[in-house]
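Note sheet for the following structure.
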Amino acid sequence: MTASYEVAVRAEATLGEGPTWDPATGRLLWLDILGARLHSYDPVTGRRTVRVTDQHVGAAKPRAGGGLVLNLRDGVGLLDPDGGFRWLHHEPVPGRRANDAAVAPDGSLWAGTMRYDEAPGGGTLTRHGADGTARPVLDDVAVSNGTGWSPDHSRMYYIDSPTRRVDVFDHADGRVAGRRTFVRIEEGAGFPDGLTVDADGCVWVALWDGGAVRRYTPDGELDRVITLPTPRVTACAFGGADLTDLYITTARVGLDAPHPVAGSLLVVPGAGKGLAQPAFAG
């Protein structure tokens, strides 16, 4: 289907990513990873803010006590409401940067990394607890991307983009097991990037170089396609006061020809019903 998308924020982000609804402030957070910028957007007032970060930033998620947790090039940091910053876990690795991240049902941050050259095995997925502990979940990935949990928390979905798969794990007590293929993206349809899970347990997947967002049922059946006018679609998340609007980030990096909305934040009003996301417990 061709959905009625709108341009929420017209921008020229090099690598727009990580849309996240912050219910405490009524804002949509999103990133320009390679531009080292943290954006916020209030859909009621139209107010926008941009904060420049000291290094490439892969994700920003609300914290339970206010402020944000940031997945940065050199580790995971905490941004306080007053603007103060401190490292929760500092682990710089030459040639590696942060990428997508998600907050698990228990309030931990599952943060992904990748090498700038996207070398196989150069990326990781790590669980970061509120107390600063860091436990490796996966240590042999290329481009760690979308991560999300089913409504009953029994499943975790995960994307390592070059595999062209969305994988699913059994999840319990902050641990995962039983990795298997949930869906495989066919050749020519792009690469899976970010994902979100809705209130029906369906998985929405952004397709890099596919110009689309797809919705899959919990059984892995494709039941909806939203086509978009730019190829590098990076991630999606539900937002708005009732979590019914689907926000979609896009990128300009590497495009041979200009696309009018590449790098902008898009929105599909009334696309579905999202799940309230937990805040980071730290």
Side-chain angles (χ1 to χ4, degrees), residues 15-33 36-42 49-51 53-90 97-114 124-135 137 144-149 153 156-159 171 174 193-197 204 206 234-240 243 246-249 265 274-282:
L15 183 55
E17 261 284 7
T20 299
W21 181 251
D22 183 354
T25 62
R27 299 180 303 163
L28 194 287
L29 307 173
W30 62 287
L31 296 308
D32 180 355
I33 295 179
R37 283 168 169 78
L38 167 61
H39 296 257
S40 76
Y41 167 65
D42 183 333
T49 66
V50 181
R51 181 189 182 106
T53 57
D54 290 338
Q55 53 185 250
H56 292 160
V57 54
K61 305 295 180 181
R63 295 164 56 195
L68 301 172
V69 59
L70 305 177
N71 194 24
L72 293 157
R73 183 195 64 201
D74 293 344
V76 173
L78 301 177
L79 186 63
D80 293 329
D82 62 4
F85 174 84
R86 63 189 186 278
W87 288 105
L88 179 72
H89 180 80
H90 192 225
R97 69 166 174 84
N99 209 44
D100 205 355
V103 178
D106 65 359
S108 59
L109 182 75
W110 294 47
T113 65
M114 59 177 284
T124 61
L125 180 67
T126 302
R127 178 189 181 275
H128 295 272
D131 59 358
T133 56
R135 174 168 55 79
V137 179
S144 186
N145 253 316
T147 306
W149 286 262
H153 308 159
M156 186 191 83
Y157 300 96
Y158 177 73
I159 291 170
H171 171 262
D193 198 324
L195 67 77
T196 193
V197 183
W204 299 70
T234 57
C236 54
F238 284 95
L243 296 177
L246 187 70
Y247 286 90
I248 302 166
T249 48
L265 175 69
L275 287 170
Q277 298 298 303
F280 178 63

> When rounded to the nearest 0.5 angstrom, what distance separates NZ in K61 from CG in N71?
Replying inline: 9.5 Å
>> If I compare all heavy atoms of S40 with all of L29, which pair ends up nearest, and what's the gap?
In response: CB-CD2, 3.9 Å
> What are the two closest non-hydrogen atoms of A60 and L70, and how far apart are they?
Replying inline: CB-CD2, 3.5 Å
>> Could you measure the distance from the CZ atom of R73 to the CG atom of D54? Nearest 0.5 Å is fine.
In response: 9.5 Å
>> Please find the pair of heavy atoms, one from S108 and one from R127, that lie closest to each other, and give the distance.
In response: OG-NE, 3.4 Å
> Does the ring pair (Phe, Tyr, Trp, His ring centres under 6.0 Å) test come out yes or no for Y158 and W110, once each step is laid out?
Replying inline: CA-CA 11 Å; Y158 177 73; W110 294 47; 9.2 Å; no
> Of V76, L109, T133, which is the lone residue that meets side-chain contact (heavy atoms from CB on, under 4.5 Å) with L88?
Replying inline: V76
>> If I compare all heavy atoms of A206 with all of T234, which pair ends up nearest, and what's the gap?
In response: CB-C, 3.5 Å
> When the ring planes of Y41 and Y247 are compared, do they come out parallel, tilted or perpendicular, using 30° and 60° as the limits?
Replying inline: perpendicular
> Which heavy atom in W21 sits nearest to a heavy atom in R27, and how many Å separate them?
Replying inline: CE3-O, 3.4 Å
>> side chain to side chain contact (heavy atoms under 4.5 Å, CB included), that's the test. Do D100 and I159 meet it? Break it down for me.
In response: CA-CA 10 Å; D100 205 355; I159 291 170; over 6 Å; no
> Is any side-chain heavy atom of R97 closer than 4.5 Å to a side-chain heavy atom of I33?
Replying inline: yes
> In Å, rounded to the nearest 0.5 Å, how long is the span from CG of D42 to OG1 of T49?
Replying inline: 10.0 Å
> Nearest 0.5 Å, what's the CG-CG distance between L15 and N99?
Replying inline: 7.5 Å
Side-chain atoms of residues 274-282: list all donor-acceptor pairs with protein atoms under 3.5 Å, sequence neighbours left out, distances to 0.1 Å.
| unit_1 | atom_1 | unit_2 | atom_2 | d |
| --- | --- | --- | --- | --- |
| Q277 | NE2 | L275 | O | 3.1 |

> Mind checking whether L265 and H39 have side chains closer than 4.5 Å, heavy atoms only?
Replying inline: no
> Is the backbone N or O of A101 less than 3.5 Å from a side-chain atom of T147, with the two atoms forming a donor-acceptor pair by type?
Replying inline: no
> Which word best sums up how the rings of W87 and F85 line up, parallel for under 30°, tilted for 30 to 60°, or perpendicular for over 60°?
Replying inline: perpendicular
>> Can you give me the closest heavy-atom contact between H89 and G132, atom names plus distance?
In response: ND1-O, 4.3 Å
>> Side chains of R51 and V57, heavy atoms from C-beta outward: is any pair under 4.5 Å?
In response: no
>> I'd like to check the side-chain contact (heavy atoms from CB on, under 4.5 Å) partners of A235; sequence neighbours left out, ordered by chain and number.
In response: E17, P19, T249
>> Looking at D82, is its backbone amide N or carbonyl O close enough to the side chain of D80 to form a donor-acceptor pair, meaning the two atoms are under 3.5 Å apart?
In response: no
> So how far is it from L246 CG to L243 CG, rounded to the nearest 0.5 Å?
Replying inline: 11.0 Å
>> Rounded at 0.5 Å granularity, tell me how far CG in N145 sits from CG in D193.
In response: 4.0 Å
